[in-house]
Structures are given as structure tokens and as C-alpha cells.
Amino acid sequence: MFALSLFLLLLSVQCSWAQEDPLLPFFEHLDPEHKVQLKWGFDEVQGTILFELTVNTNGWVGFGFSPKGGMTGADVVIGGVGPDGIYFTDRHAGGNSVPVVDQQQNYKLLSLTESDGKTVMKFQRSIDSCDKDDLPITDLPMKLIYAYGETDDITYHSNQRGTKVLNLLKYMPDVKPPNSSFFDITMVNFTVPAKQTHYHCKVLKAPAFDLKQHIYRIEPVIENHDLLHHLLLYRCPATVTEPTEAECYTGADAQCMEVVAVWGVGGGAFEFPEVAGLPIGGNVGDFFYRLEVHYNNPNKSAGRVDSSGLRFYHTSELRQHDAAVLMTGLAVGPGYAIPPVAKSFLTYGMCDTANIPKVLEKPNDLQVFSAMMHTHLAGRKVRVGHFRGGEQIDILVADENYDFEYQEVTNFGKTKTMKLDDKLLVECTYNTENRDTLTWGGFPTTDEMCLAFLFYYPAMNLSSCTSFPDLKSLQSAMGATDLNSWLDIMFTKTWNDETINEYQQTLKSIDQFISIVNSVNNASSYKGTLPDLKVIPPAPCISGCVTRSLAVLSLLTCLAVQWASF
């Protein structure tokens, strides 16, 4: 009995490891019989997508993309392990016949194995099309096709083929775990004030569960799409023990600052990866939560009643990790200003994870898988740079065409590790060409923010990791002696390209207060400076034999194909 239990335990550990490949977080069976499975992950910043296809066969396997679901116009790869070794080719199909080998090989083979009646093919390509024979991978649902044979003779596949529609870059698994249910946290018949911006908060206790549950899906419940700008749910510290409802940040609700859920205008439902869920119930069931609703009412309509909020799907089938959300970026406050008539003005907020051990007893690395970036009306771009050992190692996530009306959680496509001592720099680009006055940091829609909400696991009791310019350093650098003289300089300055750039460089070069805050609002902060953020260009199209980065095995395979064609 002990041996059986040990075997099952080891098996479960192996399965959990298999599911948690940080480079291949997504998984789907492509066929009803579960003989063909696809894992994938992507990096939109680098412009690459990675696949692992596993098929129950000892013969050839094929996979690709089709405009209409059939062979005509399809972009495919075919590979296998034959008597003479590995073969792998990038092809395209003109009709119902064997696909033709592409002149330019744009898929990079990483590994190809055959054992125990299964063929496993791992390969990579660029997200964008490299040539006319390849189909670009878009953020819309695409028709994926597959086929395979029982031998390595690439002939007609008979009924061993199929098509499945998936959105690879905006994938949301159709997960329906057992013992699943949902609850709503919403406003109830709240009369929206007749003013442009209003933040309304409701502090309440979530439904009680005797045992811990995992929330695996969050979706908005919206009654008035023209009024809702964003929804946030915060967990309160244990000191908050009474339900309240009032305008935000006017009472005890200001203590509740640990974000657990976020939705922005234009966004939809959000599903957690299968290895993680948001914990609720059990030992976290006694906490109060704060629902924050930002009403944007530019027409100042009166008498509008709203009951919007969030719906949480949960299950008692616990996942491997507790997930959490960390707010990063530029702390929200009136102490920084964006000049008018600016074509492109940059602000920065930094998170330094070196401070985490100062507010937590048992800190750990963060496995970050998604983010929601947030500015207001002047925002045009948001980038999050990742630094380690003083050097930039990545762009964690970026939105080069930020749209105030479409704020959605961005899935990274793979899990990215933030080690303790790493730094994140959130860069926001604003355009104020149509404004003739200063734009201040703040809560109203006409003010500005620069934030990135990071979804990660395993959960830690963290609230925020942000920075803010040292205002005394800013005043001194601009020749002011106190706050009033600095304000006078800001309001009377002639703003043009030269003075805007000068102010931007000053704002970036001065000392910053960098802070980390835990769930009970204990904070640690120190002064530091901001690093330089560099745009990392996407990886070039992978071009088979001429690409230097190809593995030796892929190079030899490619040369073998060319030799066979002579």
C-alpha cells in the first residue's frame, strides 16, 4: 500500500512538473480521441512562438495553419524519426496533395523524438509571417490542422487528420473543474453622481467557505458600459472588521490596498493558468474586501443607477499554487505633472524586489504570467522593463498602441521569473498636444496614472511595489526654493519641445523614493535612481539553414533535405 501511495505521489509530482513548463504554459488536445496534443507558449516582445506536438504514432506527423480549415493554402510542418534519422520540413499546400517544401525554411526544429509509440516534435517560428508561403499568427482565432501516418512514408493520411479553432495569442482555456460554482461582488442599485469622475467603494465580506477554494476565472458584470472605467477588488487587512459603502478614500476603505482582481474598460473575462488560482475561504475566509468602481460620466448624466461588479468562478479542486496580484509603477499622487502640448512625454515608476525581504519573513521569487497596464486619457504606450544585476534582460510586457477604451489583461504567453533583487521599470508615454494646461497625477480620468498590475505565483502578502520622484530634489534641480516657487515655475514656463525634453530628463535623473508595501500596509522605502530602458527588437524571422542560431541537428537535417533534392 505504501509503495502504491509513493508511486501515485511521484506520478502527481511528475504531472504537475509537466504542466508547469514555463515556456509551454498552454495545452489542448486537437482531436476527440486525445491522440494529438499541442503545447505552446509565446513571447510577443521577441516575436516568437514555441510549439510541442505529441502524436500517438511511430510515423510522420504534420501540423499547421489553414485559411479555411482544409489543405488549400495551408502552412504546415512535417516531421518524424525515420530509418535514416530525423526529418523536418516547412511546407505549404496548394490543394489536396502532399504539401510542397518551402524555398525558405522558417520553422526552427528544437527536438524530435520517438518512443513508446509516441512522436514528440518541438519547434519554433516567428509570430509574423516571414514569406508568402507562411501564414502570420494573429490575435484572432485561427484554424489549426493536423495529420499523421503510421509509417514514415508521407502519403495520404486517410481519416487521421483534423481541424481545431484556437486563439493562440489570446488563449482562454475552457476549464470546467468539478465542484465549480460562482459568486458576485457588485454594487447594488447605486445612483451614479452627476459628475465626470467618481470612485465608489464598498467594503464587504466575501462568501464564507469552510475549506479553502481556488478562484480560476473572473469576469465583469457590467450594467452600464458607457459609465464603467475600471473595477478593482482589494483584500483588507484584519483591522477592517465592518462593512461600509461610500466614496473611495474617505474612510477605513483606504486601508484596503492589496489588489486581488482587476478589470479595465473594454476588457473581458480572465482565466488563471491551470497551475494557479486565487485563494479564498479556509484561513483566508475571514477577511473583508473592497470593491472599487471608477465611474466615468463625461456627460454628467443624473439619475443613472448601477449594479456592476465582478463574478468569481471557484472550485474546491485546488491547484498547485496560490496566485496574487502586485501593483507596480508610478505611485498615484499630485506631485508630478505632465506638460501640455507634448507629442511624447515619458514618466517612470520602478519596483525594486530587493525591498521585499524587509516587509516579509519568507519572500520568494515571483513567477509572473500576466499583466494589466493602466493609464488614463493621455496614455499612448506602456512598457515594463526587467533588470537583473544592473542590466536590462527583457521587456516583461509592452503595449505600443495603448487604447484607453480597451484595457485588457495581457497574457505573457509564458511564465517569466522575477528573482529577488530584480528591478522592474514601468514606462508610460503620453500625448498632450490637445491640452493647454498641466496634467497632474491623480485619480480623475483627466489626471494621469502609470501602473502595471502583475499576476504571479506563488502568492505573497504584498500590496504594491512603486516609486515616486523626490520632490525636494525636483524643486532644487529646477531652481525652486520651496513648493510654491516650484508651482510658479511649472505654471508660468513656456512649454515647447526643448523645455518639455529638459523637464523630462530632469524628472528621470533625480532621486526617486522606491517603496514596497505588504498586505498590512507595512512599508520599506529608500532613495534610488532609474535605469535606462531600451527597446528590445523582435527576433528576426527564422530562415532555416541560413539562420546562425539553428541547432546543429536542424542544420544537418536541412542540408540533408537539400542534398536529397539534387
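The model shown is predicted, which means the values in this text are computed figures rather than measured ones. Note that the numbering runs from 1 along the sequence shown for the chain.
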As a quick check of understanding, evaluate ring pair (Phe, Tyr, Trp, His ring centres under 6.0 Å) for F345 and Y503, giving each step before the final call.
CA-CA 10 Å; F345 185 83; Y503 172 62; 5.8 Å; yes

Tell me, with the steps shown, if K170 and E408 meet salt bridge (Lys or Arg N to Asp or Glu O under 4.0 Å).
CA-CA 11 Å; K170 290 192 174 179; E408 191 170 42; 3.7 Å; yes

Step-by-step side-chain hydrogen bond (donor to acceptor under 3.5 Å, both in side chains) determination, T239 to Q255:
CA-CA 9 Å; T239 53; Q255 299 179 50; 3.0 Å; yes

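Qualifying salt bridge (Lys or Arg N to Asp or Glu O under 4.0 Å) partners for E258, counting only residues two or more places apart in sequence or in other chains: R235. Remark: R290 engages E292 in a salt bridge (Lys or Arg N to Asp or Glu O under 4.0 Å) (not counting sequence neighbours). Listed by chain and residue number, K416 satisfy the salt bridge (Lys or Arg N to Asp or Glu O under 4.0 Å) test with D394 (two or more places apart in sequence, or in another chain).
A salt bridge between E274 and R319 is absent, with no side-chain N of the basic residue lying under 4.0 Å from a carboxylate O of the acidic one. Checked for salt-bridge contact, E400 and R383 meet the test: a charged N lies under 4.0 Å from a carboxylate O. The pair D511-K472 does not count as a salt bridge, with every side-chain nitrogen at least 4.0 angstrom from each carboxylate oxygen. Salt bridge status for K343 with E433: absent, with no side-chain N to carboxylate O gap under 4.0 Å. Note on R304 versus D226: salt bridge recorded, some NZ/NE/NH1/NH2 to OD/OE distance being below 4.0 Å.
Remark: aromatic rings of F26 and Y171 are close, center separation under 6.0 Å. For F455 and F270, the ring centers are positioned less than 6.0 Å apart. Residues H229 and H374 place their aromatic rings such that the two centres sit under 6.0 Å apart. The aromatic ring centroids of F443 and H294 lie 6.0 Å or more from each other.
Sequence neighbours left out, the pairs with a member in residues 413-447 that pass disulfide bond (SG atoms under 2.5 Å apart) are C428-C450. Here disulfide bond (SG atoms under 2.5 Å apart) pairs that include residues 200-232, with residues two or more places apart or in two chains, are C201-C248.
Here the options are R217, H214, E219, the test is side-chain hydrogen bond (donor to acceptor under 3.5 Å, both in side chains), and the partner is Y313; only E219 passes.
Scanning both residues, S515 and S525, for their nearest heavy atoms gives OG-CB, 3.1 Å. Shown here for T432 and A378, the closest heavy-atom pair between the two residues is CG2-CB, 4.2 Å. When every heavy atom of M460 is checked against every heavy atom of L366, the shortest pair comes out as CE-CD1, 3.3 Å.
In summary, the side chains of Q196 and N296 do not present any donor paired with an acceptor at a separation below 3.5 Å, with no hydrogens or angles considered. Side-chain atoms of N461 and N518 include no donor-acceptor pair closer than 3.5 Å. Defined by atom type and a distance below 3.5 Å, a donor-acceptor pair is present between the side-chain atoms of Y348 and E427.
To the nearest 0.5 Å, atom CG of residue L346 and atom OG1 of residue T429 are 4.5 Å apart. The structure places CD1 of I395 at 10.5 Å from CG of D43, a figure rounded to the nearest 0.5 Å. In this structure, the separation between CG on L424 and CE on M418 is 3.5 Å, given to the nearest 0.5 Å.
Residue-environment remark: CG (L140) exceeds the threshold of 12 foreign heavy atoms within 6.0 Å. The environment of D532 atom CG is sparse: at most 12 non-hydrogen atoms of other residues, nucleotides or ligands sit within 6.0 angstrom.
Using bins of under 30°, 30° to 60° and over 60° for the plane-to-plane angle, the ring pair F190/H200 lands in the parallel bin. Ring orientation note: the planes of F209 and F183 are tilted relative to one another, at an angle of 30° to 60°.
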Could you list the donor-acceptor pairs under 3.5 angstrom formed by side chains in residues 352-359, with sequence neighbours left out?
{"unit_1": "D352", "atom_1": "OD1", "unit_2": "A354", "atom_2": "N", "d": "3.0"}
{"unit_1": "D352", "atom_1": "OD2", "unit_2": "Y526", "atom_2": "OH", "d": "2.1"}
{"unit_1": "T353", "atom_1": "OG1", "unit_2": "K419", "atom_2": "O", "d": "3.1"}
{"unit_1": "T353", "atom_1": "OG1", "unit_2": "D421", "atom_2": "N", "d": "2.9"}
{"unit_1": "T353", "atom_1": "OG1", "unit_2": "D422", "atom_2": "N", "d": "3.0"}
{"unit_1": "T353", "atom_1": "OG1", "unit_2": "D422", "atom_2": "O", "d": "2.7"}
{"unit_1": "N355", "atom_1": "OD1", "unit_2": "K358", "atom_2": "NZ", "d": "3.4"}

